[in-house]
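Keep in mind that this is a model prediction, so the values were computed, not measured. Only heavy atoms go into these numbers, but all of them, side chains included; no hydrogens, no water, no symmetry mates. Quick note on labels: first sequence line is chain A, next is B, and so on, each numbered from 1.
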Amino acid sequence: MALSLFLIKEIPYSSSILSSLFFPLFKVQVIISRTLTSFKFPASVFTSVKQYSSSPLVISPSSDHGSLFYCCGDASFYASLLGSSTDKKHVDQVHAQLLVSSLRHNGFLITKLVNVSSDIGYICYARKVFDKFSDPDVFLWNAMVRGYSKHNMFGDAIDLYSRMQAMGVSPDCFTFPNVLKACSGSQALEFGRRVHGQIFRHGFECDVFVQNSLVAFYAKCGRIGRARTVFDRLCDRSIVSWTSIISGYTQNGEPMEALRVFSQLGRSNVKIDWIALVSVLRAYTDVEDLEQGKAIHGCLIKLGLEHEPDLLISLTAMYAKGGQVMVARSFFNQLEEPGLILWNAMISGYAKNGYAEEAVELFRKMNAKNMRTDSITLRSAILGVAQVGSLELAKWMDDYVGRTEYKTDIFVNTALIDMYAKCGDVDFSREVFDRTAGKDVFVWSAMIVGYGLHGRGREAIDIYYTMEQAGVSPNDVTFLALLTACNHSGLVEEGWKLFHCMKDYAIKPQNQHYSCVVDLLGRAGYVEKAYRFIKNMPIEPSASVWGALLNACKIHRHVTIGEYAAEKLFSLDPNNTGYYVQLSNIYATARMWDRVAKIRAVMKGKGLSKDLGYSAIEINGELQGFHVGDKSHPRSREIFEELENLEKRLKEAGFVPHTESVLHDLNYEEKEETLCNHNERIAIAYGLISTAPGTMLRITKILGHA
DNA sequence: TTAGGGTTAG
């Protein structure tokens, strides 16, 4: 109907539409200006017009876009015109018509105009319309607040709501959901609390819409306890209430509780819909229970929802995170035009599971298709690049980011800092770090991690103190980064001191922190001190803690403590080959051959074999990976000749290899294990024969993905 | 006329 008005332009070709469809439906009178008479309306049109002549429809030419038609219908006529608007030009035209009509002060139509403009992303226009209206009612205020909330302009939404209150307009049940969305979007916890008070005062404590919004608000602001209280007090819980609290728990890192609530939901009479299932899938993804997630997948198939595009995103993410990237990819491939979030889920799934090249390739494909990318796409792609380990690719990625609106995005820059460090150039990390404005604890921590990775422990510690001076509080990640950095640089005292600083910030050390300290003490030879340190731990030591102790025992030939650590490890992680090999090496060093043989028999009985890592080097932009004892490269002979040559020169220079444990009759693999740097050496040798003297060689070590 | 929940993430 609305379109037919604008089709008047085409009247010479479609006069029947005008006369048969348009005019009979709206009681309007048409006055056609003389300039348009060339359209040669058929006589029937004028007859219709005369028949329905309660209000005037003026048609006159406009200079801007061909012919513009001013008309005056009734309010529902304008509403239907606006309702069908999908572009700014249409809205402009209808607004222009409205302005010259007697309905220009009609609050209902102005509200509709504001709603429609903000729906099509014409938010500043909506505000202009809003501002021109002198006496907005609650509907109009709601429409404007809704517009801002919808476009993530949370501050404006909150300002407007405050102004509304100052003007003495009473909010209604449609006001609060939008205001609360703005509060959670901008993490305005205090303001939201006040809104909660107002909800109570205005008597909306039983409105399920308003209360659901409150649950979501508290959950998104990290106040899951408050969210639960609101949820528990709800007189009538809808599926939205349940979904809000379930996803709230997942968002707050409590997926187990989310699943408990979900089982309660199963016992209630509320019908479960697909959005509820999406949040449950997320919870199973987070508890890393792929089997249970598969069961939910089964439910979805039963409900006939498995092809729901938004569910495919959750399924893709779940399978990708669970390491089943092929299954994830099959979901991705199901859609002809996967949306942005699905691309993101797939790219990050690849990147997080060691399929770095696939991640980068998919990102490139996305670009080739001219798809829109966002901050999350970039973060995932950067993670992929970091794991590929190529500095060339890293620079390309950095350039790419520089051409987007995300070059100042703090999350993206954190990822870039990490990427450069992992690709071998921490000074580039520092450049990104220096140009990042508004550094938060993650940015600082990423830089500390970078320096630590490169054995520049002092710089890591310096940066930490600068961070403190800048008034940014460290978190558990910061301390882990610091302890790791001290570890790599052998800064025992500094590490010990920093570990004890954790309590100043009320950060409870986790197993990772403890294992770092054990490693630090152990490597420096304080094996017994490390052992006592573990014995005094307030939490149950994990395998990584005992593993660090075992490693220290191997280095410092401590059989008794080594056996103790190994016993703990065998019970915690019975199938990990590394611990058996390490204990066997401890025995070998102590020349306790009978025990070496015993360990080997146990390993054989369990059918354990080694999981190899590899090292990679980039030559002329091409990445080459080497496994331990890798002879598959076409230039393998030259590489091993260079390696021998290198070892000869090392010996001449006075290098004494640590060979005690290789002297006895260990089998081939065990010898390879003992020469733990072997694959790095191959990569170095390849680098030396492939580059001009003086060229910087960057070796990337990739663990456990053979 | 207007409204609430989910999925990708340093």
Donor + acceptor pair across side chains of A/D232, A/T229 (<3.5 Å): no
What is the nucleic acid contact for A/K150, judged by heavy atoms within less than 4.0 Å: base, sugar-phosphate only, or nothing? nothing
Taking any heavy-atom pair under 4.0 Å as a contact, classify A/T175: base, sugar-phosphate, or nothing. nothing
Look at all strands and tell whether A/V412 reaches a base, only sugar-phosphate, or nothing, counting heavy atoms closer than 4.0 Å. nothing
Who pairs with A/K422 by side-chain hydrogen bond (donor to acceptor under 3.5 Å, both in side chains), at least two apart in sequence or on another chain? A/D418
Students often get this wrong, so: under 4.0 angstrom with heavy atoms, is A/K439 touching a base, only sugar-phosphate, or nothing? nothing
By side-chain contact (heavy atoms from CB on, under 4.5 Å), A/T175 pairs with (sequence neighbours left out) A/V138, A/N142, A/Y161, A/M164, A/P171, A/D172, A/V179
Indicate, with a heavy-atom threshold strictly under 4.0 Å, whether A/A216 touches base, sugar-phosphate, or nothing. sugar-phosphate
Could you check whether A/D273 gets within reach of a base, just the sugar-phosphate, or nothing at all, counting any heavy atom under 4.0 Å? base
Within the structure shown, what part of the strands sits under 4.0 Å from A/R379 by heavy-atom distance: base, sugar-phosphate, or nothing? base
Under 4.0 Å, counting only non-hydrogen atoms across every strand here, what does A/N115 touch: a base, just sugar-phosphate, or nothing? sugar-phosphate
Do NZ/NE/NH1/NH2 and the carboxylate oxygens of A/R430 and A/D434 come within less than 4.0 Å? yes
Which part of the nucleic acid, if any, lies within contact of A/N413, taking any heavy atom under 4.0 Å across all strands shown: a base, the sugar-phosphate backbone alone, or nothing? nothing
Within the structure shown, what part of the strands sits under 4.0 Å from A/T111 by heavy-atom distance: base, sugar-phosphate, or nothing? base
Please list, chain by chain and in numerical order, all residues satisfying side-chain hydrogen bond (donor to acceptor under 3.5 Å, both in side chains) with A/N367, sequence neighbours excluded. A/Y400
Walking along DNA chain B from 5' to 3', note the first and the last nucleotide with an atom under 4.0 Å from a heavy atom of chain A, and give both. B/dT1 to B/dG10
Quick one: label A/I410 by what it contacts on the DNA or RNA (base, sugar-phosphate, nothing), any heavy atom closer than 4.0 Å. base
Sequence neighbours excluded, the answer for side-chain contact (heavy atoms from CB on, under 4.5 Å) partners of A/S149 is A/A157, A/N178, A/K181, A/A182
Would you classify A/W242 as touching base, sugar-phosphate or nothing, given that sugar-phosphate means primed atoms plus P, OP1 and OP2, and contacts are heavy atoms under 4.0 Å? nothing
Partners meeting side-chain hydrogen bond (donor to acceptor under 3.5 Å, both in side chains) with A/N115 (sequence neighbours left out): A/R146
Categorize A/A415 for me: base, sugar-phosphate, or nothing, with a 4.0 angstrom heavy-atom threshold over every strand shown. sugar-phosphate
Which is true for A/I417 with a 4.0 Å heavy-atom rule: it touches a base, it touches only sugar-phosphate, or it touches nothing? nothing
